[in-house]
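Comments concern the structure below.
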Number of protein chains: 2
Amino acid sequence: MNESATNETSRTRAPRGQVTDIYRALRDRICLLRYPPGMLLGEHELAEEFTVSRTPVRQALQRLEYDGLTETRNGVGTMVTGVDPNAFRDIYAFRLRLSEMMGEFPAEEEVPRALSTILALQDRLEVLKGQRDMEAFWQLNHELHHATNRLIANLALRETHERYYFQASRIWYSVIEAFFEEQLADLASELNEIAGALRAGDIRAVGYIQRNHIAFGLHRVASAHMAD
Amino acid sequence: MNESATNETSRTRAPRGQVTDIYRALRDRICLLRYPPGMLLGEHELAEEFTVSRTPVRQALQRLEYDGLTETRNGVGTMVTGVDPNAFRDIYAFRLRLSEMMGEFPAEEEVPRALSTILALQDRLEVLKGQRDMEAFWQLNHELHHATNRLIANLALRETHERYYFQASRIWYSVIEAFFEEQLADLASELNEIAGALRAGDIRAVGYIQRNHIAFGLHRVASAHMAD
DNA sequence: CACACCATAGCTGCATACAGGTTGGCAAAT
DNA sequence: ATTTGCCAACCTGTATGCAGCTATGGTGTG
């Protein structure tokens with residue numbers, strides 16, 4: 001099991017060292033829902049897995065807590081945070097606005113790379129249609145995010161865009177299973193639209209496409225919660 | 001010397017413990033420029049000052065590094081980061097957009113408290129006009145920021161607004177002295193305008209006022225850098 | 001006198017021991 | 001049988017020792 005294959009996230013201010021590796025591994029596990037909300041993590045246990053002492057593990061966990069992905073309580077452990085409905089609405093509303101903003105800071109030179117990434121993702125999505133592989137689906141979403149993130153020329157916006165993507169990604173937990181086919185179709189058309197926009201070199205359009213699909217997802221989650 | 005008087009910053013996800021105290025104290029010192037860019041901090045030294053071991057100090061320093069306020073190099077120490085002109089432009093452009101966004105998430109119930117805070121700040125600014133007390137000026141700016149920050153009803157936007165405020169505040173380092181009177185006058189009119197907007201209950205206006213004054217500051221910094 | 005090399009002091013990164021806190025279960029009393 | 005109080009196991013928070021790295025100053029040589 002090669003955990004170090006954290007596919008080189010868009011390093012904004014490239015930090016280095018094994019702490020960052022652990023951080024990324026845990027963050028991906030949380031966002032890929034292999035560590036579902038409410039799960040309790042032990043420092044000693046993780047230290048054993050990564051073959052280090054508790055110290056670097058603690059550092060990684062503290063960064064996760066700072067990101068709002070976990071919550072550490074003395075004498076208990078570190079828990080993957082759940083989904084606070086209020087925070088959830090805030091994050092989504094904010095992400096809508098961030099996506100709309102993307103077009104204001106276009107990184108033109110990244111368009112070719114992004115396009116080729118998107119095309120590759122389309123192929124992989126085709127393969128996915130037969131199965132019901134959640135994790136692969138998540139991975140695909142992640143890579144789409146990274147591809148579009150690189151189209152942002154503004155460092156601050158890019159950081160924020162990424163930050164809240166990770167926070168938002170866990171929210172699908174409750175709806176992912178119920179709406180799997182719909183989301184698959186949605187992602188397919190999103191990829192299509194983005195490919196078209198990139199061929200036209202229109203980064204602003206990419207932002208709006210992303211915004212709309214975030215809104216669709218928001219609607220889906222909202223209706224799922226109505227059903228409660 | 002009572003360092004624990006870190007005037008209770010707008011706790012978004014209230015973390016507690018002495019690590020956070022140390023973090024806030026150091027962050028304020030950096031943003032108040034008592035620790036100027038390039039300054040080297042030693043863990044042992046800080047540990048002595050706060051009467052703790054290196055461990056909590058290290059945690060605070062790591063959070064500062066994560067915020068982009070410091071940079072830690074092995075074998076050397078932790079250095080207060082300088083001002084990268086590119087990052088500087090990005091942060092300012094982003095902050096402009098964030099301020100414009102404020103009006104979309106108004107926290108109406110906070111208006112009275114904000115107004116009374118602003119009025120108090122006006123009085124304190126009057127006192128300041130005679131002297132040339134940089135630190136008091138900074139403190140005033142900080143409190144203005146906190147007052148307006150509370151007017152944002154969206155947690156994600158509020159966090160981001162705060163995050164980049166702290167990053168941006170250090171940038172004035174190079175211009176603060178040259179433009180002190182101008183900035184004093186600017187702050188006075190900003191307070192006036194905000195007071196007016198708050199009396200009208202118009203939070204959107206507060207955002208636009210803030211946006212404009214950020215833009216003024218940006219122009220000032222830019223022209224100062226032209227002079228190089 | 002200039003330059004290169006090396007030793008050394010000081011710093012951060014990591015590991016580990018200890019202290020403080022929380023939880024769950026067991027036992028005893030009602 | 002139920003409830004209550006206590007204790008023990010486990011977990012995080014903190015302190016400290018050690019290893020690795022960096023910079024600097026002094027020394028030896030050209």
Side-chain angles (χ1 to χ4, degrees), chain A residues 3-4 6 11 13-27 29-30 34-82, chain B residues 3-4 6 11 13-27 29-30 34-82:
Chain A
E3 284 301 342
S4 68
T6 56
R11 49 173 60 190
R13 275 201 210 87
R16 51 196 169 282
Q18 60 182 6
V19 171
T20 302
D21 291 341
I22 298 172
Y23 165 76
R24 291 212 179 108
L26 295 180
R27 185 193 62 184
R29 288 181 193 176
I30 291 172
R34 234 187 315 169
Y35 289 173
M39 180 168 173
L40 206 60
L41 309 176
E43 295 176 359
H44 184 69
E45 168 193 8
L46 293 171
E48 258 189 346
E49 179 193 335
F50 290 98
T51 333
V52 292
S53 82
R54 279 178 53 212
T55 307
V57 171
R58 277 181 64 78
Q59 293 179 28
L61 289 176
Q62 279 153 16
R63 280 168 67 169
L64 287 173
E65 181 171 20
Y66 200 47
D67 280 347
L69 295 180
T70 62
E71 203 177 295
T72 301
R73 272 182 303 178
N74 190 352
V76 181
T78 299
M79 211 170 66
V80 179
T81 54
Chain B
E3 285 299 343
S4 67
T6 55
R11 50 172 61 190
R13 274 202 212 89
R16 50 194 170 281
Q18 60 182 6
V19 171
T20 302
D21 290 342
I22 297 173
Y23 165 76
R24 290 213 179 108
L26 294 180
R27 186 194 60 185
R29 287 181 195 176
I30 291 172
R34 232 185 320 164
Y35 288 172
M39 179 167 176
L40 205 59
L41 309 177
E43 296 175 359
H44 184 70
E45 168 193 7
L46 293 172
E48 259 188 344
E49 179 192 336
F50 289 98
T51 332
V52 292
S53 82
R54 280 177 52 213
T55 306
V57 171
R58 277 180 65 78
Q59 293 180 28
L61 290 176
Q62 279 154 15
R63 281 168 67 170
L64 288 173
E65 182 171 20
Y66 199 47
D67 280 346
L69 296 179
T70 62
E71 203 178 294
T72 300
R73 271 183 304 177
N74 190 352
V76 181
T78 298
M79 213 171 66
V80 178
T81 54

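So that the names make sense, note that chain A is the first sequence line, chain B the second, and so on, each numbered from 1.
Counting only heavy atoms from C-beta outward, the side chains of A/Tyr66 and B/Asp67 approach each other to under 4.5 Å. Contact of the B/Met79 side chain with the B/Met39 side chain is not registered, since no non-hydrogen atoms from C-beta on lie closer than 4.5 Å. Annotation: side chain of B/Phe50 is in contact with side chain of B/Leu26 (closest heavy-atom distance under 4.5 Å). The closest side-chain heavy-atom distance from A/Arg63 to A/Val19 is below 4.5 Å. The closest side-chain heavy-atom distance from A/Leu46 to A/Thr78 is not below 4.5 Å.
From one end of the helix from C/dC1-D/dG30 to C/dT30-D/dA1 to the other, with five pairs defining each end axis, the axis direction shifts by 10° (rounded to 10°).
At C/dG13, one or more side-chain N or O atoms of B/Arg58 fall inside 4.0 Å of OP1 or OP2 (strictly under the cut-off).
Taking each heavy atom of B/Pro56 and B/Gln18 in turn, the nearest pair found is CG-NE2, 3.9 Å.
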Per-nucleotide protein contact string for nucleotides 4-11 of chain C, where B marks a base within reach and S marks sugar-phosphate only (heavy atoms under 4.0 Å, - for neither)
------BB

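Using a 4.0 Å cut-off between charged nitrogen and carboxylate oxygen, B/Glu49 and B/Arg29 count as a salt-bridge pair.
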Between the protein and nucleotides 15-19 of chain D, list the N/O to N/O atom pairs that are separated by less than 3.5 angstrom.
unit_1	atom_1	unit_2	atom_2	d
D/dA15	OP2	B/Ser53	N	2.8
D/dA15	OP2	B/Ser53	OG	2.8
D/dA15	O5'	B/Ser53	OG	3.4
D/dA15	N7	B/Thr55	OG1	2.7

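At whole-Å resolution of the value, CD1 in A/Ile22 and C1' in C/dG13 are 12 Å apart.
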